[in-house]
Amino acid sequence: HLEYFEHLTFLHSFVLNKNKHKKVLIVTKIMPGSVMEKVNCFYEGALLSTVNGKKVRTLADVRAALKESGKTGFIALETKEKIATAVGLD
């Protein structure tokens with residue numbers, strides 16, 4: 001799927017043999033009209049590093065971290081570039 005992000009040169013290292021099996025979460029789509037588009041903090045191709053303060057490397061990690069959101073009422077996200085935001089669930 002990295003071909004979709006050819007213009008993002010920092011992702012090219014993930015096609016090298018030494019990095020091919022690293023687990024990373026890549027933001028592949030930001031839905032038009034969504035809260036994430038409106039806050040304009042993330043971009044397609046960003047590498048997600050934490051959700052609700054917990055490190056994430058797989059979708060299972062994201063799901064587990066999102067369970068906290070029901071208790072707190074918000075989702076906090078941060079990328080490997082240290083871009084962060086929190087959005088309310090209401």
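If you read the sequence from its start, that first residue is 1, and numbering goes on from there.
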S.K.: Spell out, yes or no, whether Leu77 and Val35 are grouped together once hydrophobic residues are joined by side-chain heavy atoms under 4.5 Å, including indirect joins.
M.R.: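 Yes, because Leu77 and Val35 connect within a single hydrophobic cluster, where side-chain heavy atoms sit under 4.5 Å apart.
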S.K.: Would you say the side chain of Val87 lies within less than 4.5 Å of the side chain of Met36, judging by non-hydrogen atoms?
M.R.: yes
S.K.: Compare every heavy atom of Phe42 with every heavy atom of Ile30, then report the nearest pair and how far apart it is.
M.R.: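 Closest approach of Ile30 to Phe42, heavy atoms only: CD1-O, 3.5 Å.
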S.K.: Would you give the length of the straight line joining atom CD1 of Ile26 to atom CD of Glu44, rounded to the nearest 0.5 angstrom?
M.R.: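 Output value for this atom pair is 12.0 Å.
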S.K.: Could you pull out all residues at least two apart from Thr50 that satisfy side-chain contact (heavy atoms from CB on, under 4.5 Å)?
M.R.: Lys55, Glu78
S.K.: If Ile, Leu, Val, Met, Phe, Trp and Tyr residues are connected whenever their side-chain heavy atoms lie under 4.5 Å apart, and connections chain through other members, are Val39 and Phe74 in the same group?
M.R.: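 Cluster IDs for Val39 and Phe74 differ.
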S.K.: What pair of heavy atoms forms the shortest contact from Leu25 to Thr58, and how long is it?
M.R.: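 Distance-wise, the nearest heavy atoms are CD1-O, 3.6 Å.
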S.K.: Testing the basics here: between Ile83 and Cys41, what is the closest heavy-atom pair and its distance to 0.1 Å?
M.R.: CG2-O, 3.0 Å
S.K.: If the condition is side-chain contact (heavy atoms from CB on, under 4.5 Å), which residues does Ser69 pass it with, not counting sequence neighbours?
M.R.: Asn52, Leu66, Ile75, Leu89
